[in-house]
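Letters A, B, ... are given to chains in the order of the sequence lines, protein chains preceding strands, and every chain is numbered from 1.
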Protein chains: 2
Amino acid sequence: MSYYELCNTVAQAVEKTVLPLIGKTEAKTGMGMGADGTETERIDKIAEDAALSVLESDGRSMRLVSEELGEKIIGSKPEFTVILDPVDGTFNAVNNIPFFCVPVAIGDSDLSDTRYGYVKNLVNGDVYTAEYGHGAFLNNNMIHVSSRSYFPEMSFLSYSHHPYAVPANNHRVRRVRIFGSAALELCYIASGIFDAFIDMREMLRVTDIAAGKLIVEEAGGMVTDREGAQLETPLDVKQRLNLVASNGLSHNKLLELV
Amino acid sequence: MSYYELCNTVAQAVEKTVLPLIGKTEAKTGMGMGADGTETERIDKIAEDAALSVLESDGRSMRLVSEELGEKIIGSKPEFTVILDPVDGTFNAVNNIPFFCVPVAIGDSDLSDTRYGYVKNLVNGDVYTAEYGHGAFLNNNMIHVSSRSYFPEMSFLSYSHHPYAVPANNHRVRRVRIFGSAALELCYIASGIFDAFIDMREMLRVTDIAAGKLIVEEAGGMVTDREGAQLETPLDVKQRLNLVASNGLSHNKLLELV
């Protein structure tokens, strides 16, 4: 099974179990704390179980790093690490807001050695993929980041805990959106619909961003922390990150902003 | 034909013409300026034409206030005004981001005398309705605003032209989202998923908010301008509004924030 087939089989299994639960009360029965230290919704657990059973039947030995279970070694000598968020956008999914996805990445020991990234939009079926060194794709068509670098023409995805952006920084942009699924939003940077992604909440996990980061980079964009440093974060769901992603052209200007 | 049937027939006609165009290049061929002073995308014009043909064949005389055409009198003695945004969330629709809707309201002369509000989510088919004095409904089930009033537990929808919310106001909330379709986002206030909606860009039009405003109010919430005043804006697409909508409990605190 190729990496694509493995990721796609995982996504299909998640999709099949998750879609009947969207917006249903039973999706949000609390299940206690996940390994990442946040409350697990029932939909997350069900999705993770479905993914795990696909990976266990693959036959290869691998390490799984996933939001709820933390880490699990399948077999005796892992060949690679699967980094998974069973449902990215859980709040949306349980509230019937049509914006959530499954991100799956294949890597090794930290965020900088991801070899393969896969994100499936569970609402409209779009699939974003990237293999290290081979470009990024949306439904098998090559995608590229935008070429905008003038703030008043740029579209931002920008997370904060503060409800009202005061014009203290004097930067005005074309539009700001926050959809609540970082993995999918990073793919919008890769496909050039949006120009910049900022998340300063220090809440992102490696499972949220491993796939999207490679997809942005393979589409010609740039992903760093708020200091402009490469992310070499270990694949541990307890790690919390801030993130700046862009088409590259405006990256330094973005770092000044945050 | 009841108001519900009229609105629903309009929405079905829009849906049929719009869905095949989602994410397609032909959806975003510019069509010049609409009556509201913004660039018309082809998808908006096609949707409006479909809606107009439903209204013209209704038989009753009415006034149509719509984003692209501005105003049109159908027949000789209008019985009511239809306030329509053929596609709310056009940027999303043309970019294949699954978040856009059709809002239709029935009113008279200004935003304060709306009798009926209807919003259809074109992605998942959810229909929100409200008749003045008779409550608000999602797919025929009565809905009510949330009861949260403590900022750190509240979920906000909050628009700004500024990309990064600096913590100058010292208020920290549970989550902030910006989906890019105000009509549908107001319905999330009505159904209690979100607790507050703020838009200070002075860009909202009566066609964006007439339906959602009544739906929020009939669900027990409150909708005002940034000074806390009732919106008695004439039904003219050239008008630009700012808006604060909430479950009512936190409204004064929100007004202080903006």
Proximal component of [X], with respect to chain A [non-hydrogen, under 4.5 Å]:
X        : value
B:Phe179 : both
B:Phe194 : side chain
B:Met154 : neither
B:Val173 : both

Minimal non-hydrogen separation, B:Asn95 against A:Ile193, with atom names: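 Shortest heavy-atom separation between B:Asn95 and A:Ile193 comes out as O-CD1, 3.3 Å.
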Part of [X] within contact of chain B (heavy atom distance under 4.5 Å):
X        : value
A:Ile97  : both
A:Asn124 : side chain
A:Asn92  : side chain
A:Ser191 : neither

What residue in A:Ser158, A:Pro163, A:Ala196 has the most heavy-atom pairs under 4.5 Å with chain B? A:Pro163
More than 12 non-hydrogen atoms from neighbouring residues, nucleotides or ligands closer than 6.0 Å to CZ on A:Arg174, yes or no? no
Kindly check if the number of other-residue, nucleotide or ligand heavy atoms within 6.0 Å of CG (B:Asn140) is above 12?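 Atom CG in B:Asn140 is not crowded, with 12 or fewer foreign heavy atoms closer than 6.0 Å.
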Determine whether A:Pro98 and B:Asn121 make a side-chain contact, defined as any pair of heavy atoms from C-beta on separated by less than 4.5 Å.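 Yes, close enough: below the 4.5 Å cut-off.
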Heavy-atom side-chain contact between B:Arg175 and A:Phe91 under 4.5 Å: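 A side-chain contact under 4.5 Å exists here.
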Atom CG in A:Asn96, atom CG in B:Asn139: separation rounded to 0.5 Å?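 Here the rounded value is 8.5 Å.
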My understanding is that only residues two or more places apart in sequence, or in another chain, count here; which of them pass side-chain hydrogen bond (donor to acceptor under 3.5 Å, both in side chains) with B:Tyr188?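 B:Tyr188: no side-chain hydrogen bond (donor to acceptor under 3.5 Å, both in side chains) contacts found.
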Taking the side chain from B:His162 and the backbone from A:His171, do they hold a donor-acceptor pair closer than 3.5 Å?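 It does hold such a pair.
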Considering only heavy atoms, give the residues of residues 247-258 of chain A separated from chain B by less than 4.5 Å, sorted numerically, with 'none' for an empty result.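 Residues of residues 247-258 of chain A touching chain B at under 4.5 Å: A:Leu257, A:Val258.
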Are A:Arg177 and B:Tyr159 close enough, and set up right, to give a side chain to side chain contact (heavy atoms under 4.5 Å, CB included), and what steps lead you there? CA-CA 8 Å; A:Arg177 295 289 179 268; B:Tyr159 284 83; 3.7 Å; yes
